[in-house]
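In what follows, every chain begins at residue 1, and chains take the letters A, B, ... in the order their sequences are listed.
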Amino acid sequence: MKKYLTRKIIIYLITFFIAASLDWAIPRLMPGNPVSLIVSRFAQASSGSASQASLVTKQMFDYFMQAFQLNIPWWEQYALFWRNIFTGNLGISMYLYPEPVINIILSAVPYDILFLLPSILLSFWVGNRIGAWAARSKKADNILLPTFYILTSVPYFWLGILLVWIFGTLLRVLPMSGAFSYSMTPSFTFAFIFDYLKHWILPFLSLFIVSLGGWAIGMRNMIIYELESNYSRYMGSLGASQRLIRKYSYRNAILPQVTGLALQLGTIVAGAITTEIVFSYPGIGYILFEGIMNKDYPLIQGCFLFIIVGVLLANFVIDILYMFIDPRVRIAYTEG
Amino acid sequence: MARLLDVKEYKVYYQTLKGQIRAVDGVNFFVNADEVFGVAGESGCGKSTLGNSLIYLKAPMRYAGGNVILDGMEISRLPDEIMKKMRFEKISIIPQFAMDAMSPTKKIKNIVVDLVREHDKKMSEKDIIDLAIKRFKMVGLSENVMNMYSIELSGGMKQRVVMVISTLLNPRLLIADEITSALDVSSQKFSVEMLDEFKEKKFVSSVIFITHDISVLYQIADRIMIMYAGHVVEIGNTEDIVSKPLHPYTKLLISSLPKMGVQFSQNRLTGIPGYPPNLLNPPTGCRFYDRCPLRIDPQKCKNEIPPLVEYMPGRYIACWAYTKGNDKNG
Ligand SMILES: Nc1ncnc2c1ncn2[C@@H]1O[C@H](COP(=O)(O)OP(=O)(O)O)[C@@H](O)[C@H]1O
Ligand SMILES: [Mg+2]
């Protein structure tokens, strides 16, 4: 057990090191200087004589190069990057200058968690139930399976747009974008929570419905596979009821599903980019999108760092979880 | 002697996309109370299909005719609800796939308790576990096995665990399918001895012992049935079959064995040239015709299926050379 954990932790640390280094390197390897972009944006906005403008531009350029610590050698930048990670300093946003990246991300995370966690968990639970039902009822299967295939092949944003159109434009019963109305300020009042929920329901539904199909199909196929297995046949030969055999097959069929669930949970911090864009829902996905549109490298870098940590943590949690739910893993590692 | 099992013109086919595979195609035999009935034949001749279908006829297997009478009761087409009660209590099986007969994520203890509880709701968990532990000790397994998962057990241990589970409710008839095939010689011997002991202790009354290795049957079987391509070719007492095989296939089968007790590892008999026929479109006449050195009446052999007849008391043969009053063979 201890050996297993130590080994896993070392592997995850190495992975984190490599992934974070790439996260640092990639924006720097991309062509173009982001600072020039900001400066040119400022220059366009201001007016004045050409020589004055070029002087201001030069000063602004130097100022921003220093502010983003781009005027020092790359190895110092790299060392600084790691020091900053451990002090929780992810730099300053260019697009929302001078807001620190960490603050932007932390303000987005609650929206992600409150929106994604319920929709992922609920669709997992409901999807597996329905999948198991489809596996045992030929009639249900004939209707459910095609439905689920359509659901999973629908792009996430398409269903979102459809929902927005129906409930926002056609019926005008639900708001179409944002996490709450502009007139509101976040607070623990009934009015705000109600307003928040009204904004929450459509993104939640679109993600819930689309993921449902995948879970259900996965579960259905796994159960059918398990029901054909030799242990199911042996149980049947000894007069076990279908109920008991299904219980056993569910126990085994759920294992790969749990892996999928944990991986999805890991991407919570990444948000559901397309859904968030469709609904202008201010989660990390939306922030990342804004960052990319505005070439805000510190913000992009910060978002990716969060995503890396999220995915690795989720994987780590699965590894631990598997020790408990799958005896094969437990035995392989406690004996080896 | 009282017959425990009587099988008449029994047919079981596999329904596949290409058509029907006639794996068991009109077999006749009976099993007496308190005997070990050996079933031998090359791999693919339908032994497992026969054994599995007797207890749990499940798709893609399909009942295609005949009767199965167990203890005076016709069971071949019983509603599943009634047949469920018979399984494990009256008729049980150690399947050929014993190595993965147990779910990898359940402890042996849970498997045992769950299976017994399906039949006897009143038996307490403790009683079930105590009974299983007693039986486990009998086959040389410690009670720790109860708390293990099947993946922690060696092949021989799994085989023994399945043997204990399958016989826990003292079924009248046990079908033991290739229980020695996956094992080394000493474990083979042990398995056979255990089966003998279980019979001695009346945990089971009769055993249908299925194997592709006829030499194993010398030690354990009272009578032997030889199958070929979904048909029964010969049935008789073990000594008679071994010392005086009559059917040309049995003769070749016995003579191809190097000597008593030596196992041959190939599934296909190397001693007999040619291959068994395809069961998707089997030949119309005797299924051994293509490989038969005798062909007593080539026209008849090729076109008509020889019936299984009692050639001598207790000796059944399906060959045109051995119809009653016809003794032209050498
Ligand atoms: N699930 C199946 N589907 C189709 N054909 C099968 C299936 N299982 C076995 N068969 C065929 O049935 C025949 C008899 O197989 P089996 O009963 O396993 O033989 P044995 O146990 O004597 O080796 C073989 O021709 C085999 O290919
Ligand atoms: Mg077999």
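- Note: T105(B) OG1 to E226(A) CD = 8.0 Å, rounded to the nearest 0.5 Å.
- The distance from the CG atom of L244(A) to the CG atom of D114(B) is 5.0 Å, given to the nearest 0.5 Å.
- I93(B) and S237(A) make their closest contact through CG2-CB, 3.7 Å (heavy atoms, listed as atom of the first residue, atom of the second, distance).
- Residues S103(B) and Y248(A) share a closest heavy-atom pair of CB-CD2, 3.8 Å.
- For the 3.5 Å distance criterion, the side chains of Y234(A) and S166(B) qualify, holding a donor opposite an acceptor.
- Separation of atoms NZ (K58(B)) and OG (S232(A)) is listed at 6.5 Å; rounding is to 0.5 Å.
- Summarising the local packing, OH of Y63(B) is surrounded by more than 12 heavy atoms from other residues, nucleotides or ligands at distances under 6.0 Å.
- Atom OH of Y13(B) has more than 12 heavy atoms from other residues, nucleotides or ligands within 6.0 Å.
- Between R87(B) and L238(A) there is no side-chain heavy-atom pair separated by less than 4.5 Å.
- Looking at L169(B), there are no atoms closer than 4.5 Å to chain A (heavy atoms on both sides), in backbone or side chain.
- Remark: T211(B) engages no residue in a side chain to side chain donor-acceptor pair (under 3.5 Å) (not counting sequence neighbours).
- Inter-residue side-chain proximity for R328(A) and E152(B) is flagged as unmet; no heavy-atom pair is nearer than 4.5 Å.
- You'll find the side chain of N52(B) reaches within 4.5 Å of the side chain of R233(A), heavy atoms only.
- By the 4.5 Å heavy-atom criterion applied to side chains, P104(B) and N252(A) are counted as neighbours.
- Using modelled atom types, one finds a donor on one side chain and an acceptor on the other under 3.5 Å when comparing R330(A) with Y149(B).
- With respect to chain A, the highest number of heavy-atom pairs below 4.5 Å among D80(B), I151(B), L57(B) belongs to I151(B).
- Scored by the side chain to side chain contact (heavy atoms under 4.5 Å, CB included) test, N315(A) finds Y12(A), L263(A), V311(A), I318(A) as partners (sequence neighbours excluded).
- Shown here is R77(B), whose CZ atom has more than 12 heavy atoms of other residues, nucleotides or ligands within 6.0 Å.
- Atom CG of residue N110(B) and atom CZ of residue R251(A) lie 10.0 Å apart, to the nearest 0.5 angstrom.
- For the set L115(B), I91(B), I94(B), the count of heavy-atom pairs under 4.5 angstrom toward chain A peaks at L115(B).
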